[in-house]
Student: 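Dropping the structure in here first, questions after.
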Amino acid sequence: MYPLSEKREKWMVFSAWPYVNRVPHLGNLIGSILSADVAARFLRLTGADVVFASGSDMHGTPIEVEALKMGISPKELAERNHAVVKELFEKWDISFDNYTKTESPVHVKFVQDFYKKVYENGYVFDDVVQMLYCPNDKMFLPDRFVVGTCPYCGYEKAHGDQCENCGRLLEPTLLINPRCAICGATPIIKSTRHWFFDLPKLSEELERYVEENKNLPANAKNMSLQMIREGLKPRSLTRDNKWGIPAPFPGAEGKTIYVWMEAVLGYISAVKEYFEERGEPERWKEFWFDKDTKTVYFIGKDNIPFHVIIFPALLMASGEGYVLPWTVAATEYLLFKGLKFSKSKRHGIWIDEALEVFPVDYWRFVLIALRPEVRDTNFTWEEFARIVNNELNDAIGNYIHRVLTLAYKRYGRVPEPSRVDAEAEKLHETIRGYVESIKESMYKFRFKEALSKIVQLAGEGNAYLNRTKPWDLGDEEAAPVLYAALHLVKALAIMLSPIIPRSAQRVWEFLGYSDRVEERLWDEALEPPEPGLPLAKPEPLFHKVSQEDIEEAVAKIEEKREKKGAGLF
RNA sequence: AGCGGGGUGGGGAAGCCAGGUAUCCCGCGGGGCUCAUAACCCCCUAUGGGGGAGGAGGAACCCCGAGGUCGGUGGUUCGAAUCCACCCCCCGCUACCA
């Protein structure tokens, strides 16, 4: 299928690793995993050699604390949650080549080997620091796990890093009456030794990398350059947590690697693991050590500095020649009815709830249509219904269905266009123009823009049918007209397959194909279907959602939360 | 507080870097059209649903129309959404949440 003479482009598509102390919500999904899935599916359609990987981030204090409360081991809790999340992603049709976890033996070993190398190369030093310690729980407390009274506004539940009430940044030592967030005991100050990553040493190299990388989006580039120029600080690598990957530095027995600093290395270890499982243990190097491999990381806007500064710095410090990020695709936030998603306030929709009330393709379509590419974007049920009804059902579904029905009833197969029709020729031309333009948007990871062009193209198809009125024509005259209309159906199936893979496959089969549309190539959308293909009896692809459907869905979600709470396992 | 992003008719976006009649999609009001979809109807049913017929209103599609002076103020200019200054609002980051 792929031209052998041409070297296939190599791509690695990554999404931020979800932290599995809660079920991801729709905002988490669109920012990273769903967007990455659309990208991976699109890139495969272009004929590229693609690896799409991610995994569960399992270590760290929140899970350790939660397990403690539940009276089970952190590993048991994390594994349990990982299994749930993994299954949910399958239900969302996320086409991971490898969805793994930070407890994977491949990852653990990789992280330790990696940091040994970074240590040997002189980028790690240790120092003694003063930290808050809870004598009752016998653990050091991250700032976040200390609560107390805000010295500025008097709010009594201020966290050690920031007061949620007045928004001021704090130090835990500034809190009046500080308490351990877990047990309420008064923490004491205790000294402990930690290991640090010498980020400043790489400032110049990082600045050059960011400046010269033409593919980074402007917002990521500006923010990162600014941070580098203001001066980077060493970054702490270790924690006193028990639940984590043991730090491999001499004298660091009992310390673990800080979750963030190890989870990012999952981008590499997950690819390594993927090829090992396929019995090609050396092939991951073809991807990670080839500077022509393109990598794209789908993340929320809060994650930019980690991916544009710290992760590249780690890659540099290893001295192994890993390919640096080609670009990052950072989204703004999806809001729910104007406010941020919040588990404690039960505000939002979680990815397990969503699938219980509407089909997966409705959600995928709506989320891509609302993808916050430029600014925070609001999800409301009214918007959901509008997009499903007007765009998915009326513009796209209705066009496809009316064309398939007309052709099926009249010919039962894709007709032979035995004569030339000027309107039909124009439509073929229009389709080809859109296919190219939508491809460009997809390559820029502007999925919202791409989707809006697809909807527009379906509108062109509807207008074309209105003008040509094939139902008034004889079989002979209608053939070229419907042939062009079927070309558009085929093009829509191919171009929609990254976004709504299930529905695209159904259309593909209605057209008479028996293979998988996702195994075809994007450019096949330029060509009409083969005359003579036996059409299958078409069925409506989607249904409109009514006000009552929405009310039912909301009630069903509420009911579920009575039992289980929002975003909980 | 500093830094980054954003503020464009009711909703969503483009235009801004390289100043010159404010653009597109949706929504709203009026009109046109009927191949598809769906209510009512008929048949079958293991009551979940399945099949047939039909074609009002409405939807797709087409035409016409209403609605914004581009967050605010000031400046540069013959001319500012676009350039400059100051200010306001929203979001993020500021290194021990992940």
Student: With sugar-phosphate meaning primed atoms plus P, OP1 and OP2, does A/R446 contact a base, only sugar-phosphate, or nothing at under 4.0 Å between heavy atoms?
Tutor: sugar-phosphate

Student: What interatomic distance, in whole Å, is found between C1' of B/G32 and the corresponding atom of B/C24?
Tutor: 24 Å

Student: When we call it a touch if two heavy atoms are under 4.0 Å apart, what does A/P172 touch: a base, just sugar-phosphate, or nothing?
Tutor: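 Contact class for A/P172: none.
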
Student: Which part of the nucleic acid, if any, lies within contact of A/I310, taking any heavy atom under 4.0 Å across all strands shown: a base, the sugar-phosphate backbone alone, or nothing?
Tutor: nothing

Student: May I ask you to check whether A/T327 and A/N213 show a side-chain donor-acceptor distance below 3.5 Å?
Tutor: no

Student: From C-beta outward on A/Y333, which listed nucleotide comes closest to its side chain: B/C97, B/C91, B/A36?
Tutor: B/C91

Student: Compute whether any side-chain donor of one residue and acceptor of the other, for A/H194 and A/T238, lie under 3.5 angstrom apart.
Tutor: yes

Student: Rounded to whole angstrom, note down the C1' distance from B/U37 over to B/G57.
Tutor: 14 Å

Student: Please determine, for the side chain of A/P305, which listed nucleotide (B/G6, B/G92, B/C93) has the closest atom?
Tutor: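 The answer is B/C93.
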
Student: Would you indicate, yes or no, if B/A36 has its OP1 or OP2 atom less than 4.0 angstrom from a side-chain nitrogen or oxygen of A/K409?
Tutor: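 Answer yes for this pair, as a side-chain N or O of A/K409 is under 4.0 Å from OP1 or OP2.
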
Student: Determine the contact category for A/S224: base if any of its heavy atoms lies under 4.0 Å from a base atom, sugar-phosphate if only primed atoms, P, OP1 or OP2 are that close, otherwise nothing.
Tutor: nothing

Student: When you measure from the centre of the six-membered ring of A/Y434, is the NZ or CZ of A/K453 closer than 6.0 Å and no more than 45° off the axis?
Tutor: no

Student: Quote, to the nearest angstrom, the C1' distance that separates B/C63 from B/G52.
Tutor: 38 Å

Student: Does A/R235 reach a base, just sugar-phosphate, or nothing at all? Heavy atoms under 4.0 Å.
Tutor: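 It contacts base atoms.
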
Student: Any idea how A/W381 and A/F384 line up, ring-wise: parallel (<30°), tilted (30 to 60°), or perpendicular (>60°)?
Tutor: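 Taking A/F384 first and then A/W381, their aromatic rings stand perpendicular (interplane angle over 60°).
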
Student: Nearest to the side chain of A/N390, which nucleotide is it out of B/C91, B/G4, B/C26?
Tutor: B/C26

Student: Respond yes when some side-chain nitrogen or oxygen of A/H401 is under 4.0 Å from OP1 or OP2 of B/A36, and no when none is.
Tutor: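 It does not, given that no N or O in the side chain of A/H401 lies less than 4.0 Å from OP1 or OP2 of B/A36.
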
Student: Taking the side chain of A/N222 as heavy atoms from C-beta outward, which of B/A60, B/C26, B/G5 is closest to it?
Tutor: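 The nucleotide sitting nearest to the side chain is B/G5.
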
Student: Hey, what's the ring geometry for A/F298 with A/F445, parallel, tilted or perpendicular (30° and 60° as the breaks)?
Tutor: perpendicular

Student: Would you classify A/V455 as touching base, sugar-phosphate or nothing, given that sugar-phosphate means primed atoms plus P, OP1 and OP2, and contacts are heavy atoms under 4.0 Å?
Tutor: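 Contact class for A/V455: none.
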
Student: What contact category does A/G461 fall into here, base, sugar-phosphate, or nothing, at under 4.0 angstrom with non-hydrogen atoms?
Tutor: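 The answer is nothing, as A/G461 stays clear of every strand by at least 4.0 Å.
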
Student: Start at the 5' end of RNA chain B and walk down; is the nucleotide closest to A/N389 or to A/E373 reached first?
Tutor: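 First, find each residue's nearest nucleotide; the 5'-ward one identifies A/E373.
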
Student: Counting any heavy atom closer than 4.0 Å, what does A/F140 reach on the DNA or RNA strands: base, sugar-phosphate only, or nothing?
Tutor: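 Touches nothing.
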
Student: Distance alone, cut at 3.5 Å: any donor-acceptor contact between the side chains of A/H59 and A/E64?
Tutor: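 On atom types as modelled, these side chains do not qualify, holding no pair under 3.5 Å.
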
Student: With no hydrogens and no angle check, do the side chains of A/Y297 and A/S32 hold a donor and an acceptor under 3.5 Å apart?
Tutor: no

Student: Looking only at the side chain of A/R375 (C-beta and beyond, no hydrogens), which of the listed nucleotides B/A98, B/A14, B/C93 gets closest?
Tutor: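 So the side chain of A/R375 is nearest to B/A14.
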
Student: Return the nearest nucleotide to the side chain of A/E383; candidates are B/A95, B/A13, B/G11.
Tutor: B/G11

Student: Now, which nucleotide makes the Watson-Crick or G-U wobble pair with B/A46, with each of the two distances under 3.5 Å?
Tutor: none

Student: In the structure shown, which nucleotide is the Watson-Crick or G-U wobble counterpart of B/C83, with both distances under 3.5 Å?
Tutor: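 B/G75 - that is the nucleotide pairing with B/C83, both distances being under 3.5 Å.
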
Student: Write down the distance separating the P atoms in B/G7 and B/A66, rounded off to the nearest Å.
Tutor: 28 Å

Student: Among B/G4, B/C93, B/C96, which is the nearest nucleotide to the side chain of A/Q226?
Tutor: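 Of the options given, the side chain of A/Q226 lies nearest B/G4.
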
Student: By nearest atom, which of the nucleotides B/C93, B/C96, B/C62 is closest to the A/R239 side chain?
Tutor: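 Of all the options, the side chain of A/R239 is nearest to B/C96.
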
Student: Go ahead and name the base partner of B/G68; Watson-Crick or wobble counts if both distances stay under 3.5 Å, otherwise write none.
Tutor: none

Student: Using O4'-C1'-N9-C4 for purines and O4'-C1'-N1-C2 for pyrimidines, with syn meaning within 90° of 0, is B/G6 syn or anti?
Tutor: anti

Student: Whole angstrom is fine here: how far is it from CG in A/L482 over to P in B/A36?
Tutor: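 That distance rounds to 13 Å.
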
Student: Using a heavy-atom cut-off of under 4.0 Å over every strand shown, decide if A/D376 touches base, sugar-phosphate, or nothing.
Tutor: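 Answer is sugar-phosphate: A/D376 comes under 4.0 Å of backbone atoms only.
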
Student: Just to be sure I understand the rule, does A/F306 reach a base, reach only the sugar-phosphate, or reach nothing, if contact means heavy atoms closer than 4.0 Å?
Tutor: base

Student: Before accepting this row, confirm whether a basic side-chain N of the pair A/R193/A/D127 lies closer than 4.0 Å to the acidic partner's carboxylate O.
Tutor: no

Student: State the pairing partner of B/A1; accept Watson-Crick or G-U wobble contacts with both distances under 3.5 Å, and report none otherwise.
Tutor: B/U94

Student: Taking only N and O in the side chain of A/K340, is any of them less than 4.0 Å away from OP1 or OP2 of B/C91?
Tutor: no

Student: Can you tell me how far P in B/U34 sits from the matching atom in B/G11, rounded to whole Å?
Tutor: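 Straight-line distance between the two P atoms is 37 Å.
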
Student: Could you check whether A/N378 gets within reach of a base, just the sugar-phosphate, or nothing at all, counting any heavy atom under 4.0 Å?
Tutor: nothing

Student: Could you say whether A/N393 or A/Q130 is positioned toward the 5' end of RNA chain B, judged by the nucleotide with the nearest heavy atom to each?
Tutor: A/N393

Student: Give me the distance, rounded to whole Å, that separates B/A13 from B/G75 when you measure between the C1' atoms they each carry.
Tutor: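 Approximately 30 Å lies between the C1' atom of B/A13 and that of B/G75.
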
Student: From the list B/A98, B/A13, B/G92, which nucleotide is the closest neighbour of the side chain of A/N303?
Tutor: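 Output: B/A98.
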
Student: Take atom CH2 of A/W260 and atom C1' of B/C97, then tell me their distance rounded to the nearest Å.
Tutor: 13 Å

Student: With rounding to whole Å, what would you report as the distance between B/C35 and B/G30 at their P atoms?
Tutor: 25 Å

Student: Have A/T468 and A/E423 got a donor and an acceptor in their side chains that come within less than 3.5 Å?
Tutor: no

Student: Between A/Y258 and B/A98, is there a contact of a side-chain N or O with OP1 or OP2 at under 4.0 Å?
Tutor: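 Yes, A/Y258 has a side-chain N/O under 4.0 Å of OP1/OP2 on B/A98.
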
Student: Any base atoms under 4.0 Å from A/T377, or only sugar-phosphate, or nothing? Heavy atoms, all strands.
Tutor: sugar-phosphate

Student: What nucleotide, of B/C96, B/A36, B/A95, holds the atom closest to the side chain of A/L232?
Tutor: B/A95

Student: Measuring only the P atom in each nucleotide, how far is B/G10 from B/C86? A whole number of Å is fine.
Tutor: 30 Å

